[in-house]
Amino acid sequence: MESSNKRVSASCVAPLTADTGSDHSGGTPPEAQNRTIMWCVPRTISSAVTKCFSAIEGIEVWFEPYFYCLVTETTMARDRNLTIPKEYEGNEDLYQQAADHVQAVRRYDVLKPQHLSYASIQRFLERSTGKHVFVKDMGTAMKSCNFEFLPKGYKHTFLIRHPLRVFNSLRKATYTRLTELDMISGESSHEKTLDVGRDYPFMDPSQLAFGELYELWKYVRENLDSDPIVIDADDLLSNPAELLPKYCEAIGLPYDESLLRWDASMALTGKWNVAGEGLIESIKGFYGRALTTGIFAPPGPMPSRNHLTPDVIRCTDAVMKYYDELYESRLRV
């Protein structure tokens, strides 16, 4: 793969077909289902939340399905100067080539080509059969030109965290992951000169994750749900016994106190629908403690701006307007 600081945005192209029919044979009928997507920015304990909900009996969990469509589009645009169509059907050979390339350069285990297409993911989610369906995904994957692939029948919720925490943590995780993959060069070769806004490869540097999440929140509010649920990660970590039941009630998930403590091993992740075999294990270093924790631990002190790098400060200041508006609409205890 080329240096991570050579960024090429994957373009949005219309699908070749639009089959979005649902098949609920053998499962829970749509009118009896509870379906939720939690959209987030990176480093918001969203994986820990997903593990928590995975303990609910019979729940169907999807882990970042659209994000791996974005990973595929971005990687193929950067490495092969190739625009991937949104539709898998009719483009099976191209998607197999893409899966082979992405899994090689990012050192994933075997990727499933049909799980790398926006149109396919929309169909998969609309055909879900679980009584409870929970999807955790990244707002960076759902640019405005992809809104047409939002699945029908889902309640959209949003998880945010203060940008100082997000970018400080993302910077460290990005350096570690790029080092593991031998994908750093130039200024990004050194932790002191790495720039999180430039070097994290799956975030538009003009929107920095918060801008994309904000646009999606506005779209949902204006077209799908006038009052979508927003929760702040630090609120949840500080008071899970009060905020978690409120969130569960709002989305229709059953709540009991057992959700405050769950299996700390990675056994629960084996229930997740993911883009490839062994995918979670191959990226567990990036997600860190989130995949090996069994509780919501209280947050540490807010990082001091005086001790943060210039790129973290710059990125934080650029997105505070988005965070502040989302924060004002958050679910409160």
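- Under the 3.5 Å distance criterion, the side-chain polar atoms of Lys51 are left unmatched by any main-chain donor or acceptor of Gly294.
- Judged by distance alone, the side chain of Asn91 and the main-chain N or O of Glu87 form a donor-acceptor pair under 3.5 Å.
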message: Working note: Asn168 + Thr316, criterion side-chain contact (heavy atoms from CB on, under 4.5 Å); need CA distance, chi angles, decisive distance, verdict.
response: CA-CA 9 Å; Asn168 189 44; Thr316 295; over 6 Å; no

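- To the nearest 0.5 Å, atom OG of residue Ser46 and atom CD1 of residue Ile231 are 10.0 Å apart.
- Between the NE2 atom in His101 and the CE atom in Met76 there is a gap of 5.5 Å [rounded to 0.5 Å].
- A salt bridge is absent between Asp232 and Arg165; no separation between the charged side-chain nitrogens and carboxylate oxygens falls under 4.0 Å.
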query: side-chain contact (heavy atoms from CB on, under 4.5 Å) between Phe124 and Gln114: does it pass, once the steps are laid out?
result: CA-CA 10 Å; Phe124 287 147; Gln114 67 272 33; 3.9 Å; yes

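- Under the 6.0 Å cut-off for aromatic ring centres, Tyr322 and Tyr214 qualify, their centroids lying closer than that.
- Here CD1 of Ile45 is found 4.5 Å from CG of Leu236. Values are rounded to the nearest 0.5 Å.
- Atom CZ of Arg261 is surrounded by 12 or fewer heavy atoms from other residues, nucleotides or ligands within 6.0 Å.
- Counting only distance, with no hydrogens or angles, the side chain of Thr157 and the backbone of Ile37 share a donor-acceptor pair below 3.5 Å.
- Residue pairs satisfying the side-chain hydrogen bond (donor to acceptor under 3.5 Å, both in side chains) criterion with at least one member in residues 52-62, sequence neighbours excluded, are listed as follows: Ser54-Trp272, Glu60-Trp62.
- Leu244 and Ile295 are members of different hydrophobic clusters when ILVMFWY side chains are connected at heavy-atom separations under 4.5 Å.
- At least one donor-acceptor pair under 3.5 Å links the side chain of Asp195 to the backbone N or O of Arg198.
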Test salt bridge (Lys or Arg N to Asp or Glu O under 4.0 Å) applied to Glu89 and Arg123, step by step: CA-CA 12 Å; Glu89 295 180 0; Arg123 286 193 291 270; 3.4 Å; yes

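- Taking CG from Leu268 and CD1 from Ile280, the interatomic distance works out to 12.0 Å, rounded to the nearest 0.5 Å.
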Which donor-acceptor pairs under 3.5 Å do the side chains of residues 253-260 make with protein atoms, sequence neighbours left out?
| residue | atom | partner | partner atom | Å |
| --- | --- | --- | --- | --- |
| Asp256 | OD1 | Ser258 | N | 2.8 |
| Asp256 | OD1 | Ser258 | OG | 2.2 |

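- Judged as a side chain to side chain donor-acceptor pair (under 3.5 Å), and not counting sequence neighbours, the contacts of Arg171 are Thr309, Asp311.
- With contacts defined as side-chain heavy-atom distances shorter than 4.5 Å, the pair Gln103/Asp100 qualifies.
- Residues that satisfy the side chain to side chain donor-acceptor pair (under 3.5 Å) test with Thr176, not counting sequence neighbours, are absent from this structure.
- In the hydrophobic clustering of this structure, Met302 groups with Leu170; members are Ile, Leu, Val, Met, Phe, Trp, Tyr whose side-chain heavy atoms approach within less than 4.5 Å, directly or through other members.
- In this structure, Ile121 and Cys69 approach most closely via the heavy-atom pair CG1-SG, 3.8 Å.
- Aromatic ring pairs are classed by plane angle as parallel below 30°, tilted from 30° to 60° and perpendicular above 60°; the pair Phe202 and Tyr200 is perpendicular.
- Scanning all heavy atoms of the two residues, the minimum distance from Gly139 to Glu212 falls at O-CB, 3.8 Å.
- Ring planes of His156 and Trp39: parallel class, angle under 30° (limits at 30 and 60°).
- The minimum heavy-atom distance between Gly197 and Pro205, with the atom names listed, is O-CB, 3.6 Å.
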message: Checking Tyr247 against Thr36 for the side-chain hydrogen bond (donor to acceptor under 3.5 Å, both in side chains) test, could you report, in this order, the C-alpha distance in whole Å, the side-chain angles of both residues, the deciding distance, and whether it holds?
response: CA-CA 11 Å; Tyr247 180 75; Thr36 302; 5.6 Å; no

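- Put simply, the side chain of Lys86 does not reach to within 4.5 Å of the side chain of Ser117, judged on heavy atoms.
- The CG atom of Asp137 sits 12.0 Å away from the CE atom of Met38 when rounded to the nearest 0.5 Å.
- The number of heavy-atom neighbours closer than 6.0 Å to CD of Glu249, taken from other residues, nucleotides and ligands shown, is 12 or below.
- With a 6.0 Å radius and a threshold of 12 heavy atoms from other residues, nucleotides or ligands, Lys321 has its NZ atom at or below the threshold.
- By the 4.5 Å heavy-atom criterion applied to side chains, Val166 and Tyr323 are not counted as neighbours.
- In this structure, Lys143 and Gln207 have side chains that are not in contact, with every pair of non-hydrogen atoms separated by 4.5 Å or more.
- Remark: side-chain polar atoms of Gln33 are paired, donor with acceptor, to backbone N or O of Ser128 under 3.5 angstrom.
- Arg35 places a side-chain N or O within donor-acceptor distance of the main-chain N or O of Glu126, the cut-off being under 3.5 Å.
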Only pairs under 3.5 Å count here: list side-chain donor-acceptor contacts from residues 326-333, not counting sequence neighbours, and write none if there are none.
| residue | atom | partner | partner atom | Å |
| --- | --- | --- | --- | --- |
| Tyr327 | OH | Arg330 | NH2 | 3.3 |
| Ser329 | OG | Leu326 | O | 2.9 |
| Arg330 | NE | Asp235 | OD2 | 2.9 |
| Arg330 | NH1 | Tyr327 | O | 3.1 |
| Arg332 | NH2 | Glu328 | O | 2.7 |

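- Across Leu208 and Ala318, no two heavy atoms sit closer than the pair CD1-CB, 3.9 Å.
- Taking every heavy atom of both residues into account, Tyr154 and Leu125 meet most closely at OH-O, 2.7 Å.
- Atoms CH2 and CD, on Trp217 and Glu325 in that order, are 4.5 Å from each other to the nearest 0.5 Å.
- Side-chain atoms of Arg107 come within 3.5 Å of backbone atoms of Glu180 as a donor-acceptor pair (strictly under, hydrogens ignored).
- Few gaps surround NZ on Lys112; more than 12 heavy atoms of other groups in view lie less than 6.0 Å from it.
- Contact between Met142 and Phe147 at its shortest, heavy atoms only, is O-CE2, 3.3 Å.
- The side-chain heavy atoms of Asn34 and Lys131, taken from C-beta on, include no pair separated by under 4.5 Å.
- Legend: ring pair (Phe, Tyr, Trp, His ring centres under 6.0 Å) pairs involving residues 221-240, not counting sequence neighbours: none detected.
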